[in-house]
2 protein chains.
Amino acid sequence: MSHEVEKRSLSQYLEEHNLKHTKQREAILAAFLEATGHITSEEIHTRVRADHPNIGYTTVYRTMKLLCDAGLASERRFDDGVTRYEIEQEHHDHLVCLRCGKIIEFECAMIEKTQMEIADRYQFRVLRHRHELYGHCDACAEEVSK
Amino acid sequence: MSHEVEKRSLSQYLEEHNLKHTKQREAILAAFLEATGHITSEEIHTRVRADHPNIGYTTVYRTMKLLCDAGLASERRFDDGVTRYEIEQEHHDHLVCLRCGKIIEFECAMIEKTQMEIADRYQFRVLRHRHELYGHCDACAEEVSK
DNA sequence: TTGAAATTGAATGTTAATTTCAATACGCTG
DNA sequence: CAGCGTATTGAAATTAACATTCAATTTCAA
């Protein structure tokens, strides 16, 4: 059985917060971890339903919020207006293809540093940021120019 | 009379696209230009109503889209989920205070350059980007720490 | 096993954006 | 300057995504 670390992490969070350990939560966590990339609650719902036909969308929706609180997932909302979830990991930013929806992650210490300098200049305390580059990925750029 | 340049610019756009020149469009443009900063259609509607009580929200909404198409305004949507409009100008990014809503503009050639280098690395053609730093402005940071 | 408390999920509510459609205004054309 | 085709207007309805409600059900500690 995989994802043992995450399962334990969820259990710990549930215990610490006097929340209950349910099959639904377990199943949703598993479905989320098995998927790769940036996935919507809808998509997670579809996947989780394959094995657990009675799990409702609302439960998926609420569980994803819970996984975010528990530090296992993080929420992203790009310009298409739908919320997606990704596995929580080191901070990074995104390249988003406007044609095929492909999402590439990047991180750049230089930009992070520069951005703090800018904030300082305005006496601004940065709590979080978003930095997204929208355009066309390699394959789509080729298609478009045809 | 002020905003002559913008008025002419709008007229030209309307003519070129076989659209009609109406009092509403004129009034909405004026209200938008008189306001400073990042304003919602709601707010523009309220302002324009002071002088023109019969102009409906829908018209403001549509006219703001039109002004964007005409290159006079640009649309922004920060993490609070409401769309705001700003006067079209040189490219820049934003610092957004999560407490008071204050929006500070910044621009940084260094970051722009670095970001293009990153895109190149992934063979990605950037068409636009968003770079937003969320946190507390000077005054709010002080309040919060009290 | 039992019962208080948390969870579930269908249905409903919310919020902001967007579209519909009948009435009206614009601005050519004659 | 009157007529007329087309664009525009604005109130109301619709949509889309997120969020909440509540009665029924499940969990888990005692």
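This one's a predicted model, so the numbers in the text were calculated from it and none came from an experiment.
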**OP:** Could you state the atom-to-atom distance from CZ of A/F78 to P of D/dA17 in whole Å?
**Re:** 16 Å
**OP:** Quickly work out the A/R25 CZ to D/dT25 C1' distance and round it to whole Å.
**Re:** 14 Å
**OP:** Verify the distance criterion only: is there a donor paired with an acceptor across the side chains of B/H129 and B/D93 at less than 3.5 Å?
**Re:** yes
Subject >> Within 6.0 Å of CD in A/E142, more than 12 heavy atoms from elsewhere >> reply: no
**OP:** For nucleotides 18-30 of chain C, just jot down a letter per nucleotide in 5' to 3' order: B, S or -, based on protein non-hydrogen atoms under 4.0 Å.
**Re:** BBB-----BS---
Original post:
Rounded to whole angstroms, how far apart are CD1 on B/I28 and P on D/dT8?
Top reply: 12 Å
Original post:
Using 4.0 Å as the upper bound for N to carboxylate O, is an ion pair formed by B/E143 and B/K146?
Top reply: yes
Original post:
Counting distance only, does the side-chain N/O of B/Y85 pair as donor-acceptor with the main-chain N or O of B/I44 below 3.5 Å?
Top reply: no
**OP:** Take the protein atom CG of B/D80 and the nucleotide atom C1' of C/dA16, then report the distance between them rounded to whole Å.
**Re:** 11 Å
Subject >> Spacing between A/Y13 atom OH and C/dT7 atom P, to the nearest angstrom >> reply: 10 Å
**OP:** Hey, which sits more toward the 5' end of DNA chain C by its nearest nucleotide, B/E42 or A/N54?
**Re:** A/N54
Subject >> A/H136 side chain near B/F124 side chain, heavy-atom distance below 4.5 Å >> reply: no
Original post:
Just how far, in rounded Å, is C1' of D/dA17 from CZ of A/R76?
Top reply: 20 Å
**OP:** Select from A/I55 and B/S41 the residue whose nearest nucleotide in DNA chain C is closer to the 5' end of that strand.
**Re:** A/I55
**OP:** Let me know the distance between CZ of B/R84 and P of C/dA17, rounded to the nearest Å.
**Re:** 10 Å
Original post:
In terms of the angle between their ring planes, are A/H38 and A/H94 parallel, tilted or perpendicular, with boundaries placed at 30° and 60°?
Top reply: perpendicular
Original post:
Counting only Watson-Crick or G-U wobble pairs whose two distances fall under 3.5 Å, which nucleotide matches C/dT19?
Top reply: D/dA12
Original post:
Quick one: A/I44 CD1 to C/dG9 P, roughly how many Å, whole number?
Top reply: 15 Å
Original post:
Passes salt bridge (Lys or Arg N to Asp or Glu O under 4.0 Å), A/E117 versus A/R121? Steps please.
Top reply: CA-CA 6 Å; A/E117 288 166 12; A/R121 194 181 305 155; 5.7 Å; no
Original post:
In the structure shown, which nucleotide is the Watson-Crick or G-U wobble counterpart of D/dA30, with both distances under 3.5 Å?
Top reply: C/dT1
